[in-house]
Amino acid sequence: MVRAGLTPERLTEAGAELADEVGFEQVTVSALARRFDVRVASLYSHVRNSQDLKTRIALLALTELADRAAEALAGRAGKDALTALANVYRDYAREHPGRYAAAQLRLDPQTAAASAGVRHAQMTRALLRGYDLTEPDQTHAVRLLGSVFHGYVSLELGGGFSHSAPDTDATWARVLDALDTLLRNWPAPPTDPRG
């Protein structure tokens with residue numbers, strides 16, 4: 001039976017849906033072939049292998065996240081922008097856990113440079129300009145925000161906060177308050193003890 005309409009884009013979207021249902025690590029060309037009720041070999045004219053499929057899902061997730069972030073950040077600055085960006089990541093991870101995991105996939109340098117990951121960094125740096133951070137502190141702050149957002153979301157998705165009070169929404173709000181305070185009062189670089 002010929003499956004009309006199978007394209008790399010359609011397979012990527014179906015792979016992303018599958019990732020949200022069963023987990024990103026479980027996504028393979030074989031699993032996708034079962035979903036479409038076709039032979040695995042029929043998909044290889046659209047995707048090279050499971051790694052290619054996963055890379056495509058990662059690129060889709062990065063684009064979706066960047067589009068949401070751009071919309072959420074429009075016209076915002078300071079803590080309002082920080083909260084908007086943080087909530088984009090948290091909400092996306094809750095809605096699309098498999099896609100969110102895909103967005104963490106390590107890409108080769110050329111693919112990464114051409115991906116929406118670049119937009120993420122640009123938006124985060126634009127947000128940080130509102131806190132008057134310059135280099136290298138801006139890069140330190142980009143890494144801090146990424147670590148906090150991803151760490152909190154990952155722990156929350158894994159159930160790490162589900163057995164104690166207060167509610168995770170209350171903690172999230174306090175974390176964002178603390179980040180805002182830190183960014184407004186960024187510490188001076190340490191002095192070199194060697195003189």
Separation of Leu82 CG from Arg76 CZ (nearest 0.5 Å)
11.5 Å

Distance (rounded to the nearest 0.5 Å) between Asp67 CG and Glu71 CD:
8.5 Å

For Arg48, does the CZ atom sit with more than 12 other heavy atoms under 6.0 Å from it, leaving out its own atoms?
no

Answer yes or no: is there a side-chain heavy-atom contact under 4.5 Å between Leu32 and Val47?
no

Is Glu95 salt-bridged to Arg90, going by a charged N under 4.0 Å from an acidic O?
no

Less than 4.5 Å apart, any side-chain heavy atom of Leu144 and any of Leu179?
yes

Asp52-Thr55 side chain donor-acceptor pair, cut-off 3.5 Å
no

Co-membership, hydrophobic cluster, residues Leu157 and Val27, 4.5 Å side-chain
no

The single option from Arg56, Arg99, Arg35 passing salt bridge (Lys or Arg N to Asp or Glu O under 4.0 Å) against Glu13:
Arg99

Do we see a donor-acceptor contact under 3.5 Å between the side chains of Asp167 and Trp172?
no

For the student: nearest non-hydrogen atoms of Ala93 and Tyr100, plus distance:
CB-CG, 3.5 Å

Heavy-atom side-chain proximity of Arg184 to Lys79 below 4.5 angstrom
no

Step by step, would you call Arg174 with Asp169 a salt bridge (Lys or Arg N to Asp or Glu O under 4.0 Å)?
CA-CA 9 Å; Arg174 296 295 289 146; Asp169 289 338; over 6 Å; no

Do you know the tightest heavy-atom contact between Leu73 and Ala81?
CD2-O, 3.3 Å

Are side-chain N/O atoms of Thr134 and Gln138 paired as donor and acceptor at under 3.5 Å?
no

Within 6.0 angstrom of Arg94 CZ, more than 12 heavy atoms from elsewhere:
yes

Ring centroid separation for His96 and Phe24, is it under 6.0 angstrom?
no

Tell me the closest heavy-atom pair linking Val40 and Tyr44, and the distance in Å.
CG1-CE1, 3.3 Å

